[in-house]
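Okay, so here's the structure we're looking at.
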Amino acid sequence: MPQNKFQRTFIVGCGCTAFIKPRGQRTTEDMGLEAGTKALLDAGITYDAVQTAFVGYCYGDSTSGQRALYGLGMTGIPITNVNNNCSTGSTALFHANNAVKSGLVDCALALGFERMAAGSLGTNFPDRPPPTFLFHKRTVDLEKTLTSGTNFGPGAPRMFGNAGQEYMDKFGAEVKHLAMIAAKNHAHSVKNPYSQFRNGWTVEQVLQAPKITAQLTKFMCSPTSDGAACCIIASEDFVHAHGLENQAIEIVAQGLETDDPAAYDTESAMEVAGYGMSKRCADNVFKDAGFADGEGRDLVGVVELHDCFSANELITYPALGLCAPDEAHKMVERGDNTYGGKYVVNPSGGLEAKGHPLGATGLGMHFYITMQLRNLAGPMQAPGLFDIPDKRGKFGLVHNIGIGGAVVVSLLRRPEFYKAGGIDGQARLGYNHAYECRPVTLADIDKVKSKKSSKFVLQHAKL
């Protein structure tokens, strides 16, 4: 379908739980119900307005999405469960967005949650090789090309540590730059009440933390987490029909890409870790937004990117086009990745500090960027987003990657009809959930649950 035949799409509601240590304190349906209720309250609609839903998670049984959403109603809508490794949440959003963009529906819901085990990621199916086996084999094979030689540690940090080492070997970066990135994210996280860790570790503390790989210490690595997040996508007609012009944020362009042969065929640990996949996806997204090759990045003001490890944040700066290929560590030194610099990257604290519940991570990123573009992020707010002649302000950029592999990149912006004020999500929730984390109540659920099937609603969540 030609681009101009697609509907414009908007995030009209979003919600998030706190991301917490994986201790089995909450069920996935409980967390999903909280995030979904907040998103519906934010949008000012009931579950009856939702025409299709996509639910992302990695560690759960089939139809866990239905189990979570049935707490809001059993309305018969299509519910599709999604698993795409660490990019699962944004993949669910990608499909919800496409359902609206194509004109199949006017309102779609994307929900993601995860209840994880403590410690490094593993497999639930030890009787068979994992689908990422060849990626891990390739990253070990390539260690002979790196100055650090044979690495150690669990598979995921070893892979991304090697990618960081390749960048350091090529361009002269050092481990201190990885520590500076991690410390920046931990400092940002202090202001985020949804974050798993709010310790504010310094560069020195990051460097002194236990070694996980030759390049990475514990505080340069994202933790496993429990949590949920939800976004509601709607068409422009839906926005105007429901008076959501005061909070709708447009998904100007969005892409999902997977690996090409470079992941295996090149002598590059960065390619194994998804550098080329991220670059292709970002370039195509900016092209779809109407920019010529390499252009558009100067109009980005705030970024949530996939810092599963600080090494991945380093290599993702050039992959997204935020700097030249050899400038990532210099960008760190200049402070162009934090408040007062060119971009504010991961104002939420990123995965390293905020936490990384796989199915929720990407949707959480979109929650934070939406709130930034609404200018509601409070102590996390990136300055200068609206200090340009164009009343739409600057763009917000989201990057969410999963090894195996898939990456989603989204470019968000206020629409030209945006007009703050009046009754909005803050008024409906009774507080600003951009930077206040509160539980939902049965009264909250009652406001948004299906009215058509309310007698079938499962009041099974621990609130």
Side-chain angles (χ1 to χ4, degrees), residues 1-15 36-54 72-73 75 77-78 93-111 230-254 288-290 363 366-367 369-377 385-386 388-396 398 410-430 432-434 447-452:
M1 182 183 293
Q3 187 73 20
N4 60 2
K5 296 294 185 181
F6 289 126
Q7 293 196 103
R8 297 172 72 185
T9 58
F10 304 83
I11 296 177
V12 296
C14 48
T37 297
K38 288 178 176 178
L40 290 166
L41 280 171
D42 185 32
I45 60 175
T46 71
Y47 187 63
D48 289 318
V50 175
Q51 297 167 287
T52 189
F54 295 84
L72 293 167
T75 59
I77 64 169
L93 183 69
F94 175 80
H95 289 293
N97 185 47
N98 280 345
V100 178
K101 186 177 178 180
S102 65
L104 290 175
V105 299
D106 283 307
C107 182
L109 181 149
L111 172 67
C230 181
C231 291
I232 297 170
I233 312 302
S235 67
E236 185 172 1
D237 286 346
F238 189 97
V239 169
H240 295 311
H242 291 80
L244 295 170
E245 295 90 349
N246 60 349
Q247 64 184 62
I249 298 299
E250 185 169 9
I251 302 177
V252 178
Q254 186 179 60
D288 288 346
L363 285 158
H366 287 84
F367 163 76
I369 292 296
T370 296
M371 293 306 183
Q372 289 281 345
L373 297 178
R374 290 183 185 175
N375 202 28
L376 294 177
L385 295 184
F386 311 104
I388 62 174
D390 192 322
K391 68 178 183 179
R392 295 173 296 174
K394 293 183 179 180
F395 290 92
V398 177
S410 305
L411 197 58
L412 310 182
R413 197 181 200 184
R414 283 186 175 187
E416 74 286 350
F417 57 74
Y418 191 94
K419 187 176 182 180
I423 298 175
D424 59 7
Q426 292 182 89
R428 287 185 284 267
L429 273 91
N432 186 345
H433 68 305
K447 291 176 184 176
V448 300
K449 70 183 182 182
S450 169
K451 308 309 175 188
K452 298 177 182 177

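Below, all heavy atoms of this structure are taken into account, side chains as well, without hydrogens, waters or symmetry copies. Model, not experiment: these values are computed from the prediction. Quick note: residue numbers are just sequence positions, from 1.
Sequence neighbours left out, not one pair with a member in residues 417-426 passes salt bridge (Lys or Arg N to Asp or Glu O under 4.0 Å).
For the atom pair Phe395 CZ and Gln372 CD, the distance stands at 16.0 Å (nearest 0.5 Å). Considering CG of Leu93 and SG of Cys14, their distance stands at 10.5 Å, rounded to 0.5 Å. Here the straight-line distance linking atom CG of Asn432 with atom CG of Leu376 works out to 5.0 Å at 0.5 Å rounding. Atom OG of Ser410 sits about 6.0 Å away from atom CG of Leu412, to the nearest 0.5 Å.
For the salt bridge (Lys or Arg N to Asp or Glu O under 4.0 Å) test, no residue two or more places apart in sequence or in another chain qualifies with Arg414. The salt bridge (Lys or Arg N to Asp or Glu O under 4.0 Å) check on Arg428 picks up nothing, with sequence neighbours excluded. Shown here are the salt bridge (Lys or Arg N to Asp or Glu O under 4.0 Å) partners of Asp237, two or more places apart in sequence or in another chain: there are none. Listed by chain and residue number, Phe54, Pro78, Ala99, Val105, Ala108 satisfy the side chain to side chain contact (heavy atoms under 4.5 Å, CB included) test with Thr52 (two or more places apart in sequence, or in another chain). Listed by chain and residue number, Arg8 satisfy the salt bridge (Lys or Arg N to Asp or Glu O under 4.0 Å) test with Glu236 (two or more places apart in sequence, or in another chain).
Annotation: side chain of Tyr418 is not in contact with side chain of Arg413 (no heavy-atom distance under 4.5 Å). Side-chain contact between Gln7 and Asp106 is present, with at least one heavy-atom pair separated by less than 4.5 Å. In this structure the side chain of Ile369 never reaches within 4.5 angstrom of the side chain of Ile249, judged on heavy atoms.
One N or O on the side chain of Gln247 and one on the backbone of Val12 form a donor-acceptor pair closer than 3.5 Å.
Between Gln254 and the choices Thr9, Asn98, Asn97, Asp288, the side-chain hydrogen bond (donor to acceptor under 3.5 Å, both in side chains) rule is met once, by Asn97.
The two atoms that bring Ala377 and Ala434 nearest to each other are CA-CB, 4.2 Å, heavy atoms only. Shown here for Cys107 and Phe238, the closest heavy-atom pair between the two residues is CB-CE1, 3.7 Å. Among all heavy-atom pairs drawn from Tyr47 and Ser450, the shortest one is CB-N, 4.0 Å. Nearest heavy-atom pair, Ile232 versus Ala43, reported as atom, atom and distance to 0.1 Å: CD1-CB, 4.3 Å. The shortest heavy-atom contact between Asp42 and Gly13 is OD2-CA, 3.3 Å. Nearest heavy-atom pair across Gly421 and Asn246 is O-ND2, 2.8 Å.
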Test side chain to side chain contact (heavy atoms under 4.5 Å, CB included) on Ile45 and Val448 and set out the steps. CA-CA 6 Å; Ile45 60 175; Val448 300; over 6 Å; no
Set out, in order, the CA-CA distance, both residues' side-chain angles and the distance that settles side chain to side chain contact (heavy atoms under 4.5 Å, CB included) for Asn375 and Leu385, then state yes or no. CA-CA 8 Å; Asn375 202 28; Leu385 295 184; over 6 Å; no
Step by step, work out the side chain to side chain contact (heavy atoms under 4.5 Å, CB included) result for Lys452 and Thr75. CA-CA 7 Å; Lys452 298 177 182 177; Thr75 59; 5.7 Å; no
Show your reasoning for whether side chain to side chain contact (heavy atoms under 4.5 Å, CB included) applies to His366 and Ile11. CA-CA 9 Å; His366 287 84; Ile11 296 177; 4.3 Å; yes
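The environment of Ile423 atom CD1 is sparse: at most 12 non-hydrogen atoms of other residues, nucleotides or ligands sit within 6.0 angstrom.
In this structure, Phe10 has its ring center at least 6.0 angstrom away from the ring center of His240.
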